[in-house]
There are 2 protein chains.
Amino acid sequence: MNRTVTVYDIAKEAGVSVATVSRVINSTAPVKATTRDKVAALIEKYHFQPNGLARSLLSKQSKMLGIIMPNIKNPFFPDVFRGAEIRAAKEGYALFLCNTLGNEETESAYLSILRDKQVDGILFLGGRVNRVRCPKDRVQEVAALNQRIPVVLVNGQLVGSGCCRVYTDEEQGMRMLVEHLLQAGHRRIGFLGGMIDDSTTKQKLKAFTDTLQAAGVEVREEWVLHGDYSMTSGMNVMNRLLELAERPTAVCCVNDFAAIGAIKALVGRGLRVPDDMAVAGFDDTPLASWYTPELTTVSQNSELLGETAIEVLLALIRKQSARKSTVLAPELVVRQSTGR
Amino acid sequence: MNRTVTVYDIAKEAGVSVATVSRVINSTAPVKATTRDKVAALIEKYHFQPNGLARSLLSKQSKMLGIIMPNIKNPFFPDVFRGAEIRAAKEGYALFLCNTLGNEETESAYLSILRDKQVDGILFLGGRVNRVRCPKDRVQEVAALNQRIPVVLVNGQLVGSGCCRVYTDEEQGMRMLVEHLLQAGHRRIGFLGGMIDDSTTKQKLKAFTDTLQAAGVEVREEWVLHGDYSMTSGMNVMNRLLELAERPTAVCCVNDFAAIGAIKALVGRGLRVPDDMAVAGFDDTPLASWYTPELTTVSQNSELLGETAIEVLLALIRKQSARKSTVLAPELVVRQSTGR
DNA sequence: ACTAGTTATGAAACCCGTTTCATTACTGGA
DNA sequence: TCCAGTAATGAAACGGGTTTCATAACTAGT
């Protein structure tokens, strides 16, 4: 096996020093035309490409970023990823994608790997680490990491970590959604959440409760149920709800997946959406507009979210000032699943 | 800003040489217990973690892989990614995710970036590069790359590149699907493909044609239409189909996305699936079983595909023998969208 | 007590680039 | 023609680890 070509090989064959080769590669200082051409020809001949690791070692920036998320299979995350990727690519950064499935060990393991790989920054999307309540040592783990490598929390919160945050105002989104349901005449509204300690669930539930109370509508404890964020869980939770003696006429779901699962459960019992029960999702994933019935949901503008998060991260990397919190406005998207 | 702690710092403070520190870190040679403890304590104290880049530079393996795909938003790809990730993580590899959107420049740019980052191997999922017909220079670009870095093509073919392939037998999948439709009594069957030069479309179309002809059923040119792989395209293409004077009673779609788009178009015109037209997808993405109607489709076992591809890639990286082609069997999944 | 045989440790080279600093090769002006 | 000043180039250090090879410090055997 032929060893990889290095600047030294090029230099030797061109009869110049490695410094000159480097100068030709990076146009960092003038080189005599004939020399330049000779070196350039050799680079072309061997398809030489400098070793990025060696360069990174010296420059102390790897041009690599890590993005950690619970589950790439939930279409919300690919959307965010795309936004992040587009923005990152523009600045020459490549992205490690790390799925944790909400598993804490996996999360820690990835954190360690990313540090090992010397990523310049990390994007954290709503995972375990983004919980409202979180063991002190996890907070400290992230806080310590954040001292070395900039970490941006996306749609999440980790009090005491000192990380910058970029998030959609999910509370406002839920408020708009509930108000839409109230306006449509619903007075019996349920809530299908995710894990109760995740900030995304917590915020939505808070807005749900507040908005109903402000309107003088009762919040029925038995109609507030929790699952995870999968379709299966949405279906199961809805089935539990349907076993109650009294049912709501509408439910808000923590995300589109849960909504679809819920609808499946309803349809499975011969109930119709929205006639028998209105169902609303959250995130406005592509699914939402293609599902039958089309889903009423709250758009997060997920790509923009990813893009913005990267922008904040880049600012931190460049030691420019970045605001601690960047909030994006959600948008209510009314479709068939709650419609008249 | 305090400089990152290095082995030298640890060595100095412990009063030993860097060699000893390295030995403690890697347990690569016996170290006197007292020395070991002293060094270990310092590592703990500073939360020292060796610089992976420096190590990679020497070991000539970065423990990083690249995975290139057209579009992470198509749920088939996250599935494959997960399979790949799980297997890769088990061996300590981290994955760069690169979306090309079928754009050739993006693809080339990513190829170059991955080389720069010194990835140990690359997984190529059905992108531009996986076309049946492909300009010579693209083939050569990949062939040349494959000389330096192992490349595995997933669900694709690039004749002359010399790359190993891992793929689902999509032809067989399509054959099973068409036979299922024939058995259900359909004699007027259409095909909604993707880009005609992509091997995935080509193979499916071939199997479609062959199976119909073998059964003595006419293949109607005007019922074979092409789009891309998106839901929007599926809808548009179906709308074109519906404008014809004569319509098929069933259509095979290149993937689940296209099928969903097609169904949307049908429903939009007040037609019912499967009664007015049977629609089949491909890939068995999670959507398929949750959509209404549930989609008849061909399961690729996408996670296994990713996992297997990584296995082949790892074998190549370790210079173990790997079979040139690994074929996975697809599985027909019959659900409502073609059902009685 | 002395030697042979381990065990523990350190100095230095290496990986592959970039960059500083010094030196050499030019150029133009007097 | 000679000198100052600029352009082009090279030697060597650096980044942060790992590894080889030699040496130093023990241990055990006689």
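Just so we're on the same page: letters track the sequence lines, and every chain starts at 1. Only a predicted model underlies this, so the values are computations on that prediction, with no experimental measurement involved. The figures here come from the full heavy-atom set of this structure, side chains too, leaving out hydrogens, waters and symmetry mates.
- Side chains of B/E141 and B/S108: a donor-acceptor N/O pair is present below 3.5 angstrom, by distance only.
- A donor-acceptor contact under 3.5 angstrom links the side-chain atoms of A/R23 to the base of D/dG10.
- Where A/V21 and B/V18 meet DNA chain C, the nucleotide closest to each residue was compared, and B/V18 sits on the side nearer the 5' end.
- Using a 4.0 Å heavy-atom criterion, one finds that A/T6 contacts the sugar-phosphate atoms exclusively.
- At the heavy-atom level, B/V16 lies under 4.0 Å from the strands shown only through sugar-phosphate atoms.
- A donor-acceptor contact closer than 3.5 angstrom is absent between the side chains of B/R87 and B/T308.
- For A/D79 and B/K73, the salt-bridge test passes: some basic side-chain N is under 4.0 Å from an acidic carboxylate O.
- Taking atom CG on B/D9 and atom P on D/dG15, their separation rounds to 11 Å, with Å as the unit.
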message: side-chain contact (heavy atoms from CB on, under 4.5 Å) for B/L316 and B/C164? Distances and angles first, verdict last.
response: CA-CA 9 Å; B/L316 291 171; B/C164 282; 3.9 Å; yes
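- Protein chain B touches strand DNA chain C; the 5'-most and 3'-most nucleotides with an atom under 4.0 angstrom of its non-hydrogen atoms are C/dA8 to C/dC16.
- Here the P atom of nucleotide D/dT18 and the CD atom of B/Q49 are 12 Å apart, to the nearest Å.
- Minimum heavy-atom separation, A/Y8 to A/V18: CD2-CG1, 3.3 Å.
- Near DNA chain C, meaning a heavy atom under 4.0 Å away, the residues from residues 26-47 of chain A are A/N26.
- Taking SG of A/C163 as the start and CG of A/L145 as the end, the distance is 8.0 Å to the nearest 0.5 Å.
- Residue B/V119 comes nearest to B/F96 through the heavy atom pair CG1-CD1, 3.7 Å, listed as atom of the first residue, atom of the second, then distance.
- Here OH of A/Y93 is found 5.0 Å from CG of A/D120. Values are rounded to the nearest 0.5 Å.
- Between A/L57 atom CG and D/dA13 atom P there is a gap of 17 Å when expressed in whole angstrom units.
- Straight-line distance from the CG atom of B/N51 to the P atom of D/dG16: 7 Å, rounded to whole Å.
- Regarding A/L53, its CG atom lies at a distance of 17 Å from the C1' atom of D/dC14, rounded to whole Å.
- Rounded to whole angstrom, the span from the OH atom of A/Y8 across to the P atom of D/dG10 amounts to 13 Å.
- No more than 12 heavy atoms of other residues, nucleotides or ligands lie within 6.0 Å of CD in B/E44, so this atom counts as exposed by the packing criterion.
- Nucleic acid contact class of B/S22 (heavy atoms, under 4.0 Å, all strands): base.
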